[in-house]
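What follows is a short report on a single structure.
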Amino acid sequence: MLDFAIYCLTIVAVWSVLGLSLNIQFGLTGLVNFGQILPFGLGAYAAALAAQAGMPWPAGAALGLAFAVVVSLLVLLPARRLSQDYWALITLGAGELFRLTALNAPALGGADGLTVPRFADPHLALACALALMAAAWFMAHRIARSPFGRMLKVLREDEVLAATLGRNPVTYQRTVSIIGWAMAAAAGVLYAHIVGYVSPSSFTVTETFIVWTALILGGPGSTLGVVIGAAAVQLLSVSSRFVAGWIDLPADVLANGRLALFGLVLVLMFLFRPQGLIPETKEVRDAERH
Amino acid sequence: MKKILSLAFCSALALAAVQGPARAADPIEIGVIANLTGSAVKTSVQMTRGVELAADAINAAGGIDGRPVKLIVEDSENRAQEALNAANKLYNVDKVPAAIMFGGSGLMIPVAELAKEKGRVLVNTSSSSPKLGNYPGTLFSILPLDDIVGKELGLLMADSGAKTAAIVVPNSTFGLGVAEAAAAAFEAKGGKIVKKVAFTEGQPDYRADIQPVVPAKPDVIITAGYGDDSRAMLKAARELGLTAKWYAAYPSILEIENKDFLDGKLFGVDNGGYSQPAGKAVADKYGAKFNGTADLMAHVYYGYDALMVVAAAIKKAGSAEPAAIAKALPDVVKAYDGATGKIAWDARGQRIAPPIDVIEYKAGDFVTTATRN
Amino acid sequence: MLSVTDVSLSFGGFQALRAVSLEAAPASITGIIGPNGSGKSTLLNIVAGVYVPDAGAVTLNGRPLAYGRPELVAAAGIGRTFQVPRLAHRLTVFQNMMAGERDQAGEGVFNLFLRPAAVASREAEIATRAEAMLKRLGLAHKANDYAGSLSGGQQKLLTMGMLLMSDPAVLLLDEPAAGVNPVLIEQQAALLHELKAEGRIVLLIEHNMEMIANVCDRVFVLDAGELIASGTPAEIRANERVVRSYLGMPA
Amino acid sequence: MLQVLLNSLVYASMIAVIAVGVALCYSILRFANFAHIQFAVVGGYLTYSFAAIPGMPLPAALALSAVATGLIAILVDFLVFSRLRDITPEGKMIVSWGVALFLRSVVAIIYGGGARVFDLSYDVVAVGDAVFTTLDALVVVVAAVLMLLLHLFLNFTRVGSGLRALASNADLAVTRGIPGDRLIKLMWFLSGALAAIGGTLLAFETRLQPNMDLIILLPVFAAVTIGGLSNVFGAVLGALILSLAQNLLIYIDFGALLGGESWQIPTQFRDYVAVLALVVVLLLRPRLSPLAGR
């Protein structure tokens, strides 16, 4: 039982990092990334490729981060001319391109994917995942509460305003993408070593929208909210297996019901609580300090 | 919200804790992991049904030393993480000693890693990747490796007098593994491969994929694959006017799209099942429980045999401890004559020298024309 | 000195501006008036670096502007406001004000993680200035309110304050008085006089003739993309063509 | 070569019927509606269900399904999109994804994850080296007729020109007394019905799966983007161009062209064309962002 809880926590931590990564992109900056699975997959595949080549895991991690940074710049090239709904389509396409490539390139294992050495000790896996989550949390929180984060929020609210204040929006978007994608790639590296396998079926559009569901549920712009959203979504996934044993529903109905619930959550949150369960905190200046 | 979350999680834990350790009269719980959603659902369901039939048979005969078998079926959604979630629940929460799994190597290997780590048993009914040999004492395969079946297929093609062949398979380990072994055997006997198509599964239409095969005018086509994709692939071949004969590994798992198109033109090899009395008995039970045998596929037999050998191992070991099951399994299969015929394992727990049925599709039925032991 | 020389711009077949020239000296307030669609906002957008003119030039102290790069134009000391105020609505008034300052150590990611002390001290400096600016604008009591919750007039004051945080040489103001209550208009006018006293160049688009007459040193009149008159507010009021094409009609 | 043209035409027909709905919605409500493609899947399944009613001829089942899906689209708008008219376009896209995910899962719960196929009988026709089926011909004809009808409707009826006015300038159209809300409902009905027909045609040719929308998502959005997002007939043209490019790419024998052994691009790389087309077209379109124009 404890082992199962440890495993669940590990998974929650990994998906929280993905959520935090999406949060600094969308929650803070307003960048609509419908290809969030791309940096995640890049990290995972880099870890797998490095392992296949007999390299140690830090090499895979470095490779994953490098891939993510380079690809984020490539995908961002068109961004300077595009409004956010187009940017959404481009990132969606880029994510699918990656999946198609993994599916069809024999060097990447094709549909059957690649093996990755698994963490020998689940406690170690949990420790690594928690450490990564803490690091991502620290970064995300630091950024959100900094002058940099303040300008990101200005950008989110109004790109024109940011330019009027003498800032080049593209520079900020680029920096955010690099940080966010590197974060997601790190999560991917860890994920590969936890699951022990990478295959294209783990990096579909559906996964991207699981992260989105977590973000919208938790509260865009809220670091704590996103982590809680990610935990809710993943734990819901896991605990629905117990519900199956309880109420005797066929497993496929339950699995689809869960996805239907995610869809419903996205819609209902937008309709009734767009700020999320834990709304972004208002940065209040304490007048008494001065 | 935090409260709700922790409440949900705790209740899940509590629910699991209630089940506690097994006592003598308690049922023996065996896990089943299959793709109940996602893709390849039909074959997965067939395998699960096979396991259910075996459980029915065991329980009807009074269980294993008086303890009934209880199945816990988990969905893998054909995704590695969900397969691991399922296996984690089965091994860590339900504490099953053994699980029977349907899934490709992408799912099977992570689960095998976990089973090895936890010292449990995993019975493979679907994956044929050579990497599965890396888990001796943990993973046991009811399905033989592709190279065995592929080789038999290649020989069968050469025997038919065909000179040229095209390959049309999904680009999965299964498809490519079968194709390679069959092509090698065929070429060794003087045949020639004139075109190779490895298509990506999950597309709605394969006309463009099949197109290049037509001008190559092969005598026969090597194929493998199952479910909706095989149906779409066969439909494209029919519409494009392909007239070659088809040679398939496990032809019963192909979804026949048009009876007339393939009547007398589909051949293949399978291991056991159709000609064995034990297989016929399973088919009869299937027909009684699931309204006829029209949709019966070979995976029913694999699922059935998987649970049967696990049950026999538990009985022989006199214990449902995983280590005891793993130790007893290689012994009990030697004496087991199952729905898929005699089972022989190599030292890694991989099936070797399976009985091979030569099958022909005639008048809407798969007919066993010969059996090689 | 801000100089606009023979600037023309057309969109598709529509000639929005035709060879418009004007000059604005430091420590002066220059008004631009004209009916809707006369090209006032287009002119402002060119000076602010949003549009690239087809012909002609805009220079600040003799140096041409980076046309089409509003962020560079802003960085060169030309601040602009919009008719509908642009603000970060879901940030507080204070946070908006802080964002107005351009030179911020804390906007570099490396500084953020490697030189937190430098970031903090710079942040404290900016905060002190932001507080002073809010007091000057009479918005100090709103510091912790969301910018989106301010009234229209307050929002316009806030946007001006944000620009002033980075001490611009030129201010381009797009109808600051429109939809603002008379008390705030007076406050604005007082602010404009102060800005002038500080030696800034102020360019003002306005329909409110009272405001124009109150604050402007010189007024330029646009009609259908062409400059039809210029002079002191009194001269403009007396100009027959202006009265006929613009002032005579109900605005 | 003729075969490539035929294949392209059939594929383009199915994509186009679905794509015009996306363009219709974009032109009036200014957001890319992911749920639209799921409407096509829902429509396909509805046709399947109606056709299973004893004595129901297939064309009647299709018509019923078109009407039902149109009403579902209106219902979805009433429940969801109409309450979110003021949020950003990207917000609407996320919501529409939520709707699509919900519908897809509900379809999967009702019909199961496996594929369903229509049991149709048709003949194969050979034209020289190329072949097509009578079903292919039917699909192309139905698509062409639908596009023609839509053209006539939009350009030669009062309601149609109202829709066009709404698309070119919603505020102006409403101030001139064009009933915006009713026309938006009509737009949803039209696009829902078209989606249902497109989805059914696709199901005739291939199969029905709950996640079919994910398979055709990229081609449809690429077609609409090539055509210019809010241009209804641009979407048709886009579908044709895209389909031709995709089929040509895998047809050309690059190996032989370069003087070597025969080598063709594997068919599964078809979708790269869709994504690349999407990216390239978006790059070439100027001044999309408020900051563009540099």
Side-chain angles (χ1 to χ4, degrees), chain A residues 26 30-32 34 75 77-90 92-97 100-101 103-104 158-160 162-163 168-170 204-206 208-209 212-213 215-216 250 252-272 274, chain D residues 26 30-32 34 76 79-80 83-84 87-110 112-113 210-211 214 217-218 221-222 225 229 266 268-272 274-280 282-283 285-294:
Chain A
F26 178 73
L31 285 175
V32 181
F34 279 2
V75 175
L77 277 183
R80 79 171 65 206
R81 338 177 24 122
L82 299 176
S83 59
Q84 281 307 311
D85 50 344
Y86 287 80
W87 171 231
L89 284 178
I90 294 245
L92 180 79
E96 279 295 279
L97 267 189
L100 287 172
T101 308
L103 194 61
N104 293 306
D158 192 339
E159 273 187 42
V160 178
N168 185 355
V170 178
T204 64
V205 193
T206 308
T208 290
F209 278 89
W212 273 98
T213 307
L215 178 70
I216 301 295
D252 60 330
V253 169
L254 205 83
N256 285 313
R258 191 172 68 218
L259 285 177
L261 184 66
F262 288 170
L264 208 58
V265 162
L266 269 180
V267 175
L268 292 181
M269 291 306 285
F270 261 95
L271 282 176
F272 299 111
Chain D
Y26 194 94
R30 303 279 154 199
F31 77 99
F34 286 116
V76 167
L79 290 176
V80 182
R83 292 157 206 266
L84 296 170
I87 67 171
T88 58
E90 54 269 24
K92 287 177 200 157
M93 277 173 97
I94 300 169
V95 172
S96 78
W97 189 273
V99 173
L101 184 57
F102 178 74
L103 289 177
R104 188 186 312 134
S105 312
V106 169
V107 166
I109 288 173
I110 298 174
N211 64 348
L214 297 179
L217 180 85
L218 284 175
F221 273 89
T225 313
L229 269 175
Q268 50 268 36
F269 286 83
R270 247 180 316 191
D271 281 350
Y272 280 66
V275 179
L276 288 181
L278 192 78
V279 173
V280 169
L282 289 182
L283 281 183
R285 306 190 69 205
R287 301 203 171 202
L288 292 168
S289 146
L291 283 171
R294 43 187 63 164

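All figures in this text were calculated on a predicted structure; none of them were measured in a lab. Chain naming here is simple, since letters A, B, ... match the order of the sequence lines and numbering starts at 1 in each.
- Both the backbone and the side chain of A/Val253 come within contact range of chain D, with heavy atoms under 4.5 Å apart.
- Smallest separation of non-hydrogen atoms from D/Ser105 and A/Ala260: OG-N, 3.2 Å.
- A distance of 9.5 Å separates CZ in D/Phe102 from CG in A/Leu261, rounded to the nearest 0.5 Å.
- Per-residue counts of heavy-atom pairs under 4.5 Å with chain D were compared for A/Leu268, A/Val265, A/Leu103, A/Leu259; the largest is that of A/Leu259.
- Counting heavy atoms from C-beta on, the side chains of D/Leu101 and A/Trp212 never come closer than 4.5 Å.
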Determine, step by step, whether D/Leu79 and A/Val267 satisfy the side-chain contact (heavy atoms from CB on, under 4.5 Å) criterion, reporting the C-alpha distance in whole Å, the side-chain angles of both residues, the deciding distance to 0.1 Å, and the verdict.
CA-CA 10 Å; D/Leu79 290 176; A/Val267 175; over 6 Å; no
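- Neither the backbone nor the side chain of A/Thr204 comes within less than 4.5 Å of any heavy atom of chain D.
- Of the two parts of D/Phe221, only the side chain, counted from C-beta on, holds a non-hydrogen atom closer than 4.5 Å to a non-hydrogen atom of chain A.
- In plain terms, the two heavy atoms of D/Val275 and A/Gly93 that are nearest each other are CG1-O, 3.5 Å.
- D/Ile94 places a side-chain heavy atom less than 4.5 Å from the side chain of A/Phe26.
- Listed here is the closest heavy atom pair of D/Gly98 and A/Leu266: CA-CD1, 3.7 Å.
- Between the CG atom of D/Leu218 and the CG atom of A/Leu100 there is a distance of 7.5 Å, given to the nearest 0.5 Å.
- Annotation: side chain of A/Val205 is in contact with side chain of D/Trp97 (closest heavy-atom distance under 4.5 Å).
- Of the inter-residue distances, the one linking D/Leu217 atom CG with A/Leu92 atom CG reads 5.5 Å to the nearest 0.5 angstrom.
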